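One structure is given below, encoded as structure tokens.
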2 protein chains.
Amino acid sequence: MVPIKVKNAEIVVVSKSSAKSRPASARGHRPKTRIQREKQDIILEAALDVFSLHGFRGATIDQIAEVAGMSKPNLLYYFPRKEEIHRRLISELLVTWLEPLREMDAKGDPFPEICSYIRRKLEMARDFPRESRLFATEMLQGAPRISEMIEVDLKNLVDEKARVIEGWMDDGKLTRVDPYHLIFSIWATTQHYADFDVQVRAVLGPKRGGDGRFEDAARYLEQLFLFGLMPGKSIG
Amino acid sequence: MVPIKVKNAEIVVVSKSSAKSRPASARGHRPKTRIQREKQDIILEAALDVFSLHGFRGATIDQIAEVAGMSKPNLLYYFPRKEEIHRRLISELLVTWLEPLREMDAKGDPFPEICSYIRRKLEMARDFPRESRLFATEMLQGAPRISEMIEVDLKNLVDEKARVIEGWMDDGKLTRVDPYHLIFSIWATTQHYADFDVQVRAVLGPKRGGDGRFEDAARYLEQLFLFGLMPGKSIG
DNA sequence: AAGATTTTTGACCAGTTGGAAAAATGTTAG
DNA sequence: CTAACATTTTTCCAACTGGTCAAAAATCTT
């Protein structure tokens, strides 16, 4: 334990080593090694569990670390701060979450396109409920961490697809309705089965609340939107 | 500081005074005086702000107290614990929240009944968005504090109204669809405008995202459900 | 095997959290 | 006025929070 020299040496070493030893992600780059990517995936998985259940504020690093099976400092070695984990989760989510809408094709016919959009969204609600809930909690809290993304990326995509829908209506293939609210209603009805899952299961009861509920929902929603949007109806 | 006797005396006094000085609500009864009811209402108002924004875990007593304009211990004088505030909010909420559904009348015709149900739900989404979000956060978190209520009260009400809807369908007044999923879709589409308000406004943009969005939504939803559920259609 | 690097851990910290105790301050009935 | 009660504030605490740090352990390189 030499007095000054050691101190200086330590400081130099520390600053050097801490900059080098922290994984690339912590410095804003993509992870390089296989193990780093694996660990980060484990953390993101655990974080998805916790964030989707408690929201950003209600989730704690300790909880995430426990679910991920590692110590808190170890977790913080891969993600320097809580917000970083959340940001990664959200931004990756938005891409895949909007994929079904992105696939809606102007060249197709409206009803097959809309029906398969509904189906895909319902499948996502069934297979990735945590992602849906994460998105929902973020929205409920006013989307403070993704306001830019929804005001730009999301809006542009919806604007584009609204024009596609309007094109179908111009061709007389679809009842003329507000395309934005049409998209909203598809989002709402499909995501409902992920976000309000507890309620849905409780109301349907043990017999009907099983795995079949998604098929029932798909049948109902397709019928609703099919009849509801079919052109050339008059109120009888 | 007498050893044992004082201890006993203290315990007696404490238990007596704390039981008497704490307002009735804290002991599970209704508040008696006007001032108590007023203060509790102020607290509940503030708590609604905070809980609906951050969920149960993310909300802090300090925040609620600050919004309510009083000190934390003072707040805790009226509600002995955080959970108590939340419980009160939720249970009061559920009653008013289900009122529109309760009003759906078997003796009426289906389309006026369903349309006015949609309108009422939309009005609630517009006028009481915090309540809607509080309900949503609770659901998203698995409804741990109201599981009993939704499994009994809510389920019974929905079962009853599902039978009403089935009655309409038996009379040929309504396309035959799953009544439960019909109710879900009305819940989802209407509450969407409260819970995902940020998203809705961002996507609609400044021009269309103003106050008119609820009227647009009402028009669209009425049309969707009207055409979607009108009997005697065939796929053309 | 030695050295360099990456990963993991335990101790720690300052600020926040839900909540308890008690003292101080009203308020009101006799 | 004053005793009994209702309300509010001050003080305090133990547990938890996000996050740091140095050292230990594991891994990789040569």
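Quick note on labels: first sequence line is chain A, next is B, and so on, each numbered from 1. Computed from a prediction, not measured in an experiment: that's the story for all the values here.
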Set out, line by line, the N/O atom pairs under 3.5 Å between protein and nucleotides 13-17 of chain D.
| residue | atom | partner | partner atom | Å |
| --- | --- | --- | --- | --- |
| dT17(D) | OP1 | Arg57(B) | NH2 | 3.3 |

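The distance between atom OH of Tyr77(A) and atom C1' of dA25(D), rounded to the nearest whole Å, is 13 Å. Rounded to whole Å, atom P of dT7(C) lies 15 Å from atom CG of Leu76(A). A straight line from CE of Met70(B) to P of dT10(D) spans 15 Å, rounded to a whole angstrom. The distance from atom CD of Gln36(B) to atom P of dT28(C) is 13 Å, rounded to the nearest whole Å. Rounded to whole Å, atom C1' of dT25(C) lies 12 Å from atom CG of Asn74(B). Rounded to an integer number of Å, the gap from Glu38(A) CD to dT7(C) P is 11 Å. Atom CD1 of Ile64(B) is separated from atom P of dT16(C) by 17 Å (rounded to the nearest Å). Rounded to whole Å, the distance from CZ on Arg37(A) to C1' on dT6(C) is 16 Å.
Between the Gln63(B) side chain and the Thr60(B) main chain, a donor and an acceptor come within less than 3.5 Å of each other.
The aromatic rings of Trp187(A) and His192(B) sit tilted relative to each other, their planes meeting at an angle between 30° and 60°.
Partners of Glu38(B) under the side-chain hydrogen bond (donor to acceptor under 3.5 Å, both in side chains) rule, at least two apart in sequence or in another chain, are Arg34(B). Judged as a side-chain hydrogen bond (donor to acceptor under 3.5 Å, both in side chains), and not counting sequence neighbours, the contacts of Asp159(A) are Lys155(A), Tyr180(A).
Exactly one of Glu66(B), Arg81(B), Lys82(B) qualifies for a side chain to side chain contact (heavy atoms under 4.5 Å, CB included) with Ile61(B). That residue is Lys82(B).
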- Item | CA sep, side-chain torsions, deciding dist, call: Asp41(B), Arg37(B), salt bridge (Lys or Arg N to Asp or Glu O under 4.0 Å) | CA-CA 6 Å; Asp41(B) 284 350; Arg37(B) 227 168 312 145; over 6 Å; no
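OP1 or OP2 of dT8(D) has not a single side-chain nitrogen or oxygen of Ser71(B) nearer than 4.0 Å.
Between Arg130(A) and Glu45(A), the closest side-chain pair of non-hydrogen atoms falls below 4.5 Å.
Side chain of Arg81(A), nearest nucleotide from dT9(D), dT20(D), dT8(C): dT20(D). In this structure, the nucleotide among dA11(C), dT7(C), dT10(D) sitting nearest to the side chain of Pro73(B) is dT10(D).
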